[in-house]
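Here the structure is laid out as structure tokens; the discussion comes afterwards.
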Amino acid sequence: MRTNGLLLGLLVLTAPVHAQQRETERAIREGNEAYKKGDQASAIRSYEKARADQRGAFNLGNAYYRQDSAADAQRTYEAASTLAKDPAAQGRAYHNLGNSWMRQQKWQEAVNAYKQALRRSPNDEDSRYNLAYAQKKLQEEQQKKKKQDKDQKQDEQKDDKGGQEQKDQQEEPKPDQQQSQQQQNKDQQQSQQQKPDQMSQQDAQRLLDAVQQQEKNTQEKAREKLRVRAKLPIEKDW
């Protein structure tokens with residue numbers, strides 16, 4: 001009786017597992033059919049139900065990749081590489097992970113993924129070829145960046161040099177400015193070196209203005225006297 005009870009208990013516990021496994025298998029089959037037809041949206045919906053299985057995760061990554069969703073494919077392949085149990089399955093997941101990095105032009109990440117694939121599948125010529133291609137693209141990117149950094153540094157040095165030259169030109173007076181400044185300094189020195197009995201042009205002008213004002217006042221007084229006489233009655237001899 002105890003033995004039968006124990007067996008019954010095991011059957012009850014394992015029944016949900018088998019049902020879940022059947023759901024996973026059906027989801028993968030439906031996903032595969034949609035994938036072959038080119039209906040990646042339907043394939044993704046089916047594979048999502050089986051993404052806890054290494055096959056479902058791997059196929060889900062393929063569907064995302066075919067749909068040009070490289071970032072989603074990358075994340076799914078990373079999960080598939082973790083779920084995979086044997087080196088060959090892990091190698092396939094890393095190979096496709098490298099492909100998804102390549103599509104995003106992340107060459108260093110692609111190189112790392114292909115190296116992981118080759119560690120698990122050393123004879124995989126596809127991974128070896130893709131690794132060489134990714135390394136070549138990475139080298140080109142590094143050389144391009146190095147050249148850009150060098151050009152930027154040269155431009156900054158040129159800007160600094162040009163700015164200094166412009167500053168020097170602004171600070172250094174031009175020949176005509178030098179001549180004008182020299183003449184101004186000479187006139188100032190001459191003005192400062194004038195003898196006490198010498199009259200400056202400004203003082204002479206002030207004196208001339210005073211004389212003219214005095215003459216104007218004198219003429220005004222003379223005309224005033226004439227006007228007063230005219231007002232007096234004329235005495236006739238009768």
Side-chain angles (χ1 to χ4, degrees), residues 31 34-36 38-45 47-48 51 54-178:
Y35 182 88
K36 292 176 182 178
D39 186 359
Q40 305 307 327
S42 297
I44 288 172
R45 285 194 296 270
Y47 291 138
E48 283 284 358
R51 67 180 306 156
Q54 63 175 356
R55 296 167 300 163
F58 184 84
N59 290 354
L60 177 62
N62 289 348
Y64 276 130
Y65 189 86
R66 286 287 183 89
Q67 204 180 38
D68 291 331
S69 301
D72 290 327
Q74 163 227 315
R75 289 188 289 269
T76 308
Y77 287 135
E78 288 173 341
S81 66
T82 303
L83 292 170
K85 301 297 189 292
D86 61 278
Q90 292 175 356
R92 288 193 296 272
Y94 277 114
H95 176 92
N96 284 5
L97 175 59
N99 291 352
S100 65
W101 282 124
M102 286 246 281
R103 181 162 289 186
Q104 298 177 78
Q105 296 186 354
K106 300 293 185 63
W107 312 118
Q108 182 62 68
E109 289 83 350
V111 167
N112 296 339
Y114 291 131
K115 286 181 177 180
Q116 291 291 341
L118 286 170
R119 287 192 181 101
R120 290 157 176 80
S121 301
N123 297 324
D124 189 338
E125 294 300 324
D126 291 336
S127 294
R128 194 178 305 280
Y129 175 86
N130 287 6
L131 172 61
Y133 181 83
Q135 288 174 329
K136 181 176 181 294
K137 298 297 290 186
L138 176 62
Q139 184 179 10
E140 291 175 355
E141 182 182 63
Q142 292 173 341
Q143 290 175 348
K144 182 178 179 180
K145 186 177 184 303
K146 185 176 180 180
K147 184 178 183 301
Q148 289 176 343
D149 293 342
K150 182 179 179 181
D151 293 342
Q152 182 178 359
K153 186 176 181 180
Q154 290 177 347
D155 290 341
E156 291 174 354
Q157 292 176 347
K158 185 183 297 183
D159 292 340
D160 294 340
K161 184 178 179 181
Q164 185 61 39
E165 290 178 352
Q166 184 177 4
K167 183 179 178 181
D168 294 341
Q169 290 176 357
Q170 292 175 349
E171 294 177 352
E172 182 180 355
K174 297 179 180 179
D176 55 345
Q177 292 177 339
Q178 289 181 339

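Values below: every heavy atom of this structure, side chains too, minus hydrogens, waters and symmetry copies. We're numbering straight along the sequence, starting at 1.
Using a cut-off of 4.0 Å between Lys/Arg side-chain N and Asp/Glu carboxylate O, Lys137 and Glu140 are scored as salt-bridged.
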| task | Please report the C-alpha distance between Tyr65 and Asn96 in whole Å, then the side-chain angles of each, then the deciding distance to 0.1 Å, and finally whether the side-chain contact (heavy atoms from CB on, under 4.5 Å) criterion is met. | result | CA-CA 9 Å; Tyr65 189 86; Asn96 284 5; over 6 Å; no
| request: Report the C-alpha separation of Asp149 and Lys146 in whole Å, then their side-chain angles, then the decisive distance to 0.1 Å, and conclude whether the side-chain contact (heavy atoms from CB on, under 4.5 Å) test is met. | output: CA-CA 5 Å; Asp149 293 342; Lys146 185 176 180 180; 5.6 Å; no
| message | Using the rule given for salt bridge (charged side-chain N to carboxylate O under 4.0 Å, His left out), can you reason through Arg75 versus Glu78, listing the C-alpha separation, both sets of side-chain angles and the distance that settles it, and then say yes or no? | response | CA-CA 5 Å; Arg75 289 188 289 269; Glu78 288 173 341; over 6 Å; no
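Side-chain N/O atoms of Tyr114 and Asp126 include no donor and acceptor closer than 3.5 Å. Donor-acceptor pairing under 3.5 Å is recorded for the side chains of Gln108 and Asn112. If you check the side chains of Arg103 and Ser100, you find no donor sitting under 3.5 Å from an acceptor. When only modelled atom types and interatomic distance are considered, Gln90 and Arg120 share a side-chain donor-acceptor pair under 3.5 Å.
For the atom pair CG (Asn130) and CE (Met102), the distance works out to 5.0 Å, reported to the nearest 0.5 Å. The CG atom of Leu131 lies 14.0 Å from the NZ atom of Lys136; values are rounded to the nearest 0.5 Å. Once rounded to the nearest 0.5 Å, the distance linking CD of Gln67 with CG of Asp39 reads 9.5 Å.
Gln135 places a side-chain heavy atom less than 4.5 Å from the side chain of Lys115. Using a 4.5 Å heavy-atom threshold, the side chains of Tyr35 and Asn59 count as separate. Considering only heavy atoms from C-beta on, Gln116 comes within 4.5 Å of Arg119 through its side chain. Side-chain contact between Lys150 and Gln154: present, with at least one pair of heavy atoms (C-beta onward) separated by less than 4.5 Å.
Residues Gln74 and Gln104 come closest through the heavy atom pair OE1-NE2, 3.2 Å. In this structure, Gly31 and Ala43 approach most closely via the heavy-atom pair O-CB, 3.5 Å. Nearest heavy atoms, Ala34 versus Ser42: CB-CB, 3.9 Å. When every heavy atom of Thr76 is checked against every heavy atom of Ala57, the shortest pair comes out as CG2-O, 3.0 Å. Residues Ala110 and Gly98 come closest through the heavy atom pair CB-O, 3.7 Å.
More than 12 non-hydrogen atoms from other residues, nucleotides or ligands lie less than 6.0 angstrom from NZ of Lys85.
Judged purely by atom type and a 3.5 angstrom limit, Tyr77 uses its side chain to pair as donor or acceptor with the backbone of Gly61. Using a distance-only test at 3.5 Å, with no hydrogens or angles considered, a donor-acceptor pair links the side chain of Arg128 to the main chain of Pro122.
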